[in-house]
Protein chains: 2
Amino acid sequence: MDASHRSGCPINLTLEILGDRWSLIVIRDIMFGNRRHFRELLQNSEEGIASNILADRLKRLVERGLLTRADDPTHKQKAVYSLTEMAIDLVPLFAQMGAWGRKHLAVSEELSIRAELLENGGAKLWEDFMEELRAKHLGKVLPPGTPSVLGRLTEAYLEVVDRRKES
Amino acid sequence: MDASHRSGCPINLTLEILGDRWSLIVIRDIMFGNRRHFRELLQNSEEGIASNILADRLKRLVERGLLTRADDPTHKQKAVYSLTEMAIDLVPLFAQMGAWGRKHLAVSEELSIRAELLENGGAKLWEDFMEELRAKHLGKVLPPGTPSVLGRLTEAYLEVVDRRKES
DNA sequence: CTGCACTGATGGCAAAATGCAAGCAGTTTT
DNA sequence: AAAACTGCTTGCATTTTGCCATCAGTGCAG
């Protein structure tokens with residue numbers, strides 16, 4: 001056991017990496033919002049993350065193996081952040097967190113429709129989504145014609161937004 | 001939406017309640033370690049929580065509806081903390097967190113055996129465990145002769161501890 | 001009835017994390 | 001040449017954490 005760890009309990013070790021107010025928000029935005037650049041994460045942030053916090057979290061998540069950082073060939077100053085398998089494996093955790101939040105907290109309709117679909121889709125949908133993330137972030141090749149889970153989630157989200165705008 | 005919330009996203013709202021280094025540790029110890037009093041939580045804490053942090057977290061978790069506090073009839077100064085349904089509903093989340101931690105982090109064998117059993121038991125075992133927690137914390141009556149999931153988990157933990165002591 | 005251990009906490013203080021606003025050097029677009 | 005955009009960085013005030021000592025009330029053994 002590393003002296004820098006409080007204990008070897010899996011719950012504790014998970015909290016030592018993800019137990020703060022922002023780490024999972026950043027991963028969520030990369031995963032479900034498909035945001036890959038610093039500015040995208042900063043400016044589209046629903047919760048209004050500060051730039052120094054975002055910089056710190058991206059650095060820490062790269063150090064801890066949840067993200068990778070690569071240069072963007074289209075722009076010399078641009079960095080592209082990608083999920084690792086470790087982060088992709090958080091999909092079931094997000095699904096459970098979303099389900100718990102929807103059940104017990106005052107969630108907004110448009111921001112919880114994706115959580116609802118993910119919850120109802122069950123383990124099969126999660127696995128499909130994870131495969132899609134592996135394709136997008138790890139370069140894994142999928143069988144052609146695979147329908148996009150993220151596309152379905154995003155579509156449902158936009159539908160709710162539209163419907164609520166009308167009323 | 002309350003102005004004190006960053007957004008209505010279920011992931012975000014969940015993080016606003018549970019997104020720190022200690023809240024889930026406290027709930028874990030009440031849930032899996034069956035610790036019901038302040039001192040039990042303080043002195044048996046694997047991670048060494050400080051008393052002021054523990055006091056603060058217990059207060060916040062009661063305020064937010066995850067715990068209830070009651071007087072202990074056997075001692076005028078004693079308080080008994082119980083899980084609410086909201087907290088019991090975190091069992092699947094703990095199961096996922098444990099599974100993720102076991103897969104990706106340097107967990108210790110004795111502290112992860114319970115997570116392993118919970119993971120392998122699947123949704124059925126989680127539901128049995130939740131029913132047991134409802135009996136213990138909410139006074140729900142179970143059919144007689146129901147085997148104890150917590151007993152099984154604790155037994156397995158002690159076996160590992162014993163086995164490792166011998167070698 | 002008197003020590004003494006135990007009860008759930010508090011208080012002080014230093015260190016770290018967070019939040020907010022401004023700024024920066026280099027790059028690309030207009 | 002100017003403007004907008006790139007991933008950050010800096011400064012500073014506030015909040016949270018971590019550690020240690022302490023406390024007043026309770027209950028039990030002598």
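Only a predicted model underlies this, so the values are computations on that prediction, with no experimental measurement involved. Reminder, nothing fancy here: chain letters follow the sequence lines and each chain counts from 1.
Evaluation of the ring pair (Phe, Tyr, Trp, His ring centres under 6.0 Å) rule for A:H137 yields no partner, not counting sequence neighbours.
A:W100 and B:L66 get closest at one heavy-atom pair: CZ2-CD2, 3.7 Å. Residue B:R114 comes nearest to B:L111 through the heavy atom pair NH2-CD2, 4.1 Å, listed as atom of the first residue, atom of the second, then distance. In terms of heavy-atom proximity, B:R102 sits nearest to B:A115 at CD-CB, 4.0 Å.
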Quiz prompt | Contact pattern, 5' to 3', of nucleotides 12-18 of chain C - B, S or - by protein heavy atom under 4.0 Å | solution = B-----S

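Atom CD1 of B:I27 is separated from atom CH2 of B:W22 by 14.0 Å, given to the nearest 0.5 angstrom.
Over its full length, the helix from C:dC1-D:dG30 to C:dT30-D:dA1 turns its helical axis through 10°, comparing axes from the five pairs at each end and rounding to 10°.
With no hydrogens or angles considered, a side-chain donor-acceptor pair links B:E132 and B:S148 at under 3.5 Å.
Spacing between atom NZ of B:K78 and atom C1' of C:dA5 amounts to 13 Å, rounded to whole angstrom units. One atom, CG of B:L54, and another, C1' of C:dG8, lie 9 Å apart when rounded to the nearest Å.
Classified by interplanar angle (parallel below 30°, tilted 30° to 60°, perpendicular above 60°), the ring pair A:F32/A:F94 is perpendicular.
Using a 4.0 Å cut-off between charged nitrogen and carboxylate oxygen, B:R134 and B:E131 count as a salt-bridge pair. Ion pair A:E109/A:R163 flagged as a salt bridge, since at least one NZ, NE, NH1 or NH2 atom sits closer than 4.0 Å to an Asp/Glu carboxylate oxygen. Here B:D72 does not pair with B:R36 in a salt bridge; the nearest charged N to carboxylate O distance is not below 4.0 Å.
Against DNA chain C, the stretch residues 26-45 of chain B makes heavy-atom approaches under 4.0 Å through B:H37, B:F38, B:R39. Shown for residues 70-77 of chain A: residues whose heavy atoms fall under 4.0 angstrom of DNA chain C, namely A:H75, A:K76, A:Q77.
A:N12 has its side chain within reach of B:R28: a pair of non-hydrogen atoms, C-beta onward, lies under 4.5 Å apart.
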Please tabulate, for side-chain N and O atoms in residues 49-56 of chain A, each donor-acceptor pair with protein atoms closer than 3.5 Å (sequence neighbours left out).
none

